[in-house]
Amino acid sequence: MGRETEVPGAASLHLVAGTALLRPEEQVAEAMLQGWRNQQLARNLAFSTIEGRENAVKAFTAYADAFPWTWTPHLVDEWLGDLRAIRHLKRSTLRNYSEAVRAFCAFLTDPAYGWAEECERRFGNHPIQIVHEWNTAVHLQESEADPSKRAFTRDELQAFFDHADDQIHQVRGAGRKGWLPAFRDATLFKTAYAYGLRRREARMLDLVDFGRNPHARQFGEFGVCYVRWGKAMKGSPPKRRSVLTVGPRDGVGGMDWIVDILEQWVEEARPGFAQADSPALWPSERSPRIGFSQINTRFAAYRDALGLDAGLDFHSFRRSYVTHLIEDGWDPRFVQEQVGHEHASTTSLYTCVSSDFRIRTLRKAMGDTMNAALATGRTRR
């Protein structure tokens, strides 16, 4: 028994030895993709990751109009060039596409899976690695995010939340339906900012995902937000973290206002939904949980109505949370733990401190330096 028979995704598990195929090229190519899928499943990769990679490989296959054992580096060069020049895809997207093709070729050329040997036997040719450093973009920067993406200024954030509240009053005052969804979305946006949540993290919150903080009893049942659907590492389940409700620091800032808002939502507004028996914190009118499209549509409508920068998106709430906590004097390590970043450098990328904050920081540093110099001079005398 060969070693490859014990490996998920091996050729021997997807092609019966000695069996003639009616469409050998198409059937072997399909078996390769199925084997690769099984190999990724065995590695416990997320279904969304696997599907995205498969779609990229299928797109390249359609462009090349060739089977994997005849692919060449020149084909991937042309494909990536067209994607950038014609479709104007972002660098990060192009890198993800090329990485998917690279991973597929690495799987096909690994002797443990037996695909190269199978192709050589059937077609007199074998797959090779076609994605290399010299024909793909190198990841040189820690962040390749769109430069237009940024945090809200404090004034922009206040205007956004005020507009969201106004929509509730206008719809309700006119006696029209829809004030409950407007209330829900306004509360969801404020919660995302108050706890520095990603869009999926906010959407997936349940009623049980809040609790008491024994060191901050003034926040009642909303002292801690338990995030259960955090961004996962490859091959791992969603990452969990606990986000503490943040009060004012030295009388400045703070997110403790969210406690009253959440209490009003849970006790007064949410029970009005037909789907109120759902465990989700944000039920929809027709389904147990609000969908991403509803969140995106409402956010864009409010942003555009105010004439705000198109670079502001839902993730800007999270950028603003990091920025405003840093500006208010919170320790960067605490902020890093709150947002669940593995590395401090990642948190720093989210920090978009204002010019006013930088000026205050510079003045303080210069003042400290001057005072230290004066103190030294007095000591010498």
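Since the structure is predicted, the reported quantities are computational estimates derived from the model, not experimental observations.
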Query raised in the report: Same cluster or not: are F189 and L306 linked, directly or through other Ile, Leu, Val, Met, Phe, Trp or Tyr residues, by side-chain heavy atoms under 4.5 angstrom apart?
Result: yes
Query raised in the report: Are V266 and L281 close enough, and set up right, to give a side chain to side chain contact (heavy atoms under 4.5 Å, CB included), and what steps lead you there?
Result: CA-CA 8 Å; V266 171; L281 183 61; 4.1 Å; yes
Report task. Tell me, yes or no, whether the heavy-atom count around R217 atom CZ, taken from other residues, nucleotides or ligands under 6.0 Å, exceeds 12. Result -> no
Query raised in the report: Does a salt bridge link D313 with R319, judged by any charged N lying under 4.0 Å from a carboxylate O?
Result: yes
Requested in this report: Go through the side-chain N and O atoms of Q129 and R102 and say whether any donor and acceptor fall under 3.5 Å apart.
Outcome: no
Query - Step-by-step salt bridge (Lys or Arg N to Asp or Glu O under 4.0 Å) determination, E99 to R95 - result: CA-CA 6 Å; E99 173 58 24; R95 184 168 291 108; over 6 Å; no
Query raised in the report: What are the two closest non-hydrogen atoms of L41 and I50, and how far apart are they?
Result: CD2-CD1, 3.5 Å
Requested in this report: Verify whether one side chain among Q170 and D166 offers a donor that lies under 3.5 Å from an acceptor in the other.
Outcome: no
Query raised in the report: Around atom CG of D65, are there more than 12 heavy atoms of other residues, nucleotides or ligands at under 6.0 Å?
Result: no
Report task. Kindly work out whether a path of hydrophobic side-chain contacts (I/L/V/M/F/W/Y, heavy atoms less than 4.5 Å apart) joins W229 to W282. Result -> no
Query raised in the report: Any side-chain heavy atom of L207 sitting closer than 4.5 Å to one from R270?
Result: yes
Query raised in the report: Is any side-chain N of the basic residue among R249 and D331 closer than 4.0 Å to the acidic one's carboxylate O?
Result: no
Query raised in the report: Do Y195 and M255 come within less than 4.5 Å of each other through their side chains, counting heavy atoms only?
Result: no
Query raised in the report: Is the centre of the F107 ring less than 6.0 Å from the centre of the Y113 ring?
Result: yes
Report task. Using a 4.5 Å cut-off on heavy atoms from C-beta on, say whether the side chain of N125 contacts that of C119. Result -> no
**Report entry** SB check R150 E156 (cutoff 4.0 Å)
**Finding:** yes
Report task. Could you check whether the rings of F123 and W69 sit parallel, tilted or perpendicular, using 30° and 60° as the cut-offs? Result -> parallel
Query raised in the report: Are side-chain heavy atoms of Y321 and V246 found at a separation under 4.5 Å?
Result: yes
Query raised in the report: Out of W265, F222, F219, which residue meets the ring pair (Phe, Tyr, Trp, His ring centres under 6.0 Å) rule with F210?
Result: F222
Report summary line: Output for pair (D110 CG, Q39 CD), nearest 0.5 Å, gives 8.0 Å
Requested in this report: Identify whether the distance between the nearest side-chain nitrogen and carboxylate oxygen of R241 and E337 falls below 4.0 Å.
Outcome: no
Requested in this report: State the CG-CD distance between L325 and Q336, to the nearest 0.5 angstrom.
Outcome: 13.0 Å
Report task. Measure the shortest side-chain to side-chain distance between F104 and W71 over non-hydrogen atoms and say whether it is less than 4.5 angstrom. Result -> yes
Query raised in the report: Which atom names give the shortest non-hydrogen contact between L180 and A269, and what distance separates them?
Result: CD2-O, 3.3 Å
Requested in this report: Taking the side chain as every heavy atom from C-beta outward, state whether Y97 and L89 have any pair of such atoms under 4.5 Å apart.
Outcome: yes
Query - Test of ring centre spacing under 6.0 Å for F152 and F160 - result: yes
Report task. Test salt bridge (Lys or Arg N to Asp or Glu O under 4.0 Å) on R240 and E201 and set out the steps. Result -> CA-CA 10 Å; R240 296 179 177 232; E201 293 172 349; over 6 Å; no
Requested in this report: For D206 and D209, indicate whether the former's side chain and the latter's backbone hold a donor-acceptor pair under 3.5 Å.
Outcome: no
Report task. Answer yes if the side chains of Q34 and N38 hold a donor-acceptor pair under 3.5 Å, and no otherwise. Result -> yes
Query raised in the report: Are H324 and L157 close enough, and set up right, to give a side chain to side chain contact (heavy atoms under 4.5 Å, CB included), and what steps lead you there?
Result: CA-CA 11 Å; H324 297 164; L157 193 66; 4.1 Å; yes
Query - Close side-chain approach of P332 to I326, heavy-atom, < 4.5 Å - result: yes
Query raised in the report: With no hydrogens and no angle check, is any side-chain donor or acceptor of R303 less than 3.5 Å from a backbone partner on L312?
Result: yes
Report summary line: Of Q294, K190, R298, Q167, the one forming a side chain to side chain donor-acceptor pair (under 3.5 Å) with D185 is R298
Query raised in the report: Do R121 and E117 sit within salt-bridge range, that is, some charged N less than 4.0 Å from a carboxylate O?
Result: no
Query raised in the report: Is the F317 ring parallel, tilted or perpendicular to the F314 ring (thresholds 30°, 60°)?
Result: perpendicular
Requested in this report: Would you check if there is a donor-acceptor pair between the side chains of R199 and N296 at a distance under 3.5 Å?
Outcome: yes
Query raised in the report: Can you tell me how far the CG atom of N213 sits from the OG atom of S242, to the nearest 0.5 Å?
Result: 10.0 Å
Query raised in the report: Are K149 and H315 close enough, and set up right, to give a side chain to side chain contact (heavy atoms under 4.5 Å, CB included), and what steps lead you there?
Result: CA-CA 9 Å; K149 303 300 182 184; H315 209 73; over 6 Å; no
Query raised in the report: Heavy-atom count around E51 CD within 6.0 Å, excluding the residue itself: above 12?
Result: no
Requested in this report: Give a yes or no on whether the ring-centroid distance for F161 and Y302 is below 6.0 angstrom.
Outcome: no
Query raised in the report: Is it true that a side-chain atom of S284 and a backbone atom of I290 form a donor plus acceptor pair closer than 3.5 Å?
Result: no
Report summary line: Shortest non-hydrogen pair, C105 vs I130, comes out as SG-CG1, 3.8 Å
Report task. Considering non-hydrogen atoms only, spot the tightest contact between L188 and A202 and give its length. Result -> CD2-CB, 4.4 Å
Query - Donor-acceptor under 3.5 Å (T187 side chain, F183 main chain) - result: yes
Report task. Flag yes if F47 and L45 sit in one hydrophobic cluster, no otherwise; membership is Ile, Leu, Val, Met, Phe, Trp, Tyr, and two members link when side-chain heavy atoms are under 4.5 Å apart. Result -> yes
Query raised in the report: Ignoring hydrogens and geometry, is there a side-chain-to-backbone donor-acceptor pair from Q27 to L22 under 3.5 Å?
Result: yes
Query raised in the report: How many angstroms lie between atom CG of D77 and atom OG1 of T72, to the nearest 0.5 angstrom?
Result: 8.0 Å
Query raised in the report: Atom NE2 of H126 and atom OG1 of T70: how far apart are they, to the nearest 0.5 Å?
Result: 12.0 Å
Report summary line: Sorted by chain and residue number, the ring pair (Phe, Tyr, Trp, His ring centres under 6.0 Å) partners of F334 (sequence neighbours excluded) come out as W330
Query raised in the report: K58: what forms a salt bridge (Lys or Arg N to Asp or Glu O under 4.0 Å) with it, not counting sequence neighbours?
Result: none
Query raised in the report: Donor-acceptor pair, R289 side chain versus R203 backbone, under 3.5 Å?
Result: yes
Requested in this report: Could you pull out the closest heavy-atom pair between Q275 and R286, with the gap in Å?
Outcome: NE2-O, 3.6 Å
Query raised in the report: Any side-chain heavy atom of V339 within less than 4.5 Å of one from R318?
Result: yes
Report task. Take Q40 and R53, measure what side chain to side chain contact (heavy atoms under 4.5 Å, CB included) needs, and give me the verdict at the end. Result -> CA-CA 10 Å; Q40 293 179 95; R53 288 179 168 185; 3.0 Å; yes
Requested in this report: Keeping the roles fixed (side chain from W115, backbone from A112), state whether a donor-acceptor pair exists under 3.5 Å.
Outcome: no
Query raised in the report: Once you round to the nearest 0.5 Å, how far does CZ of R84 lie from OG1 of T93?
Result: 12.0 Å
Query raised in the report: Which heavy-atom pair separates T245 from V224 by the least distance, and what is that distance?
Result: OG1-N, 4.1 Å
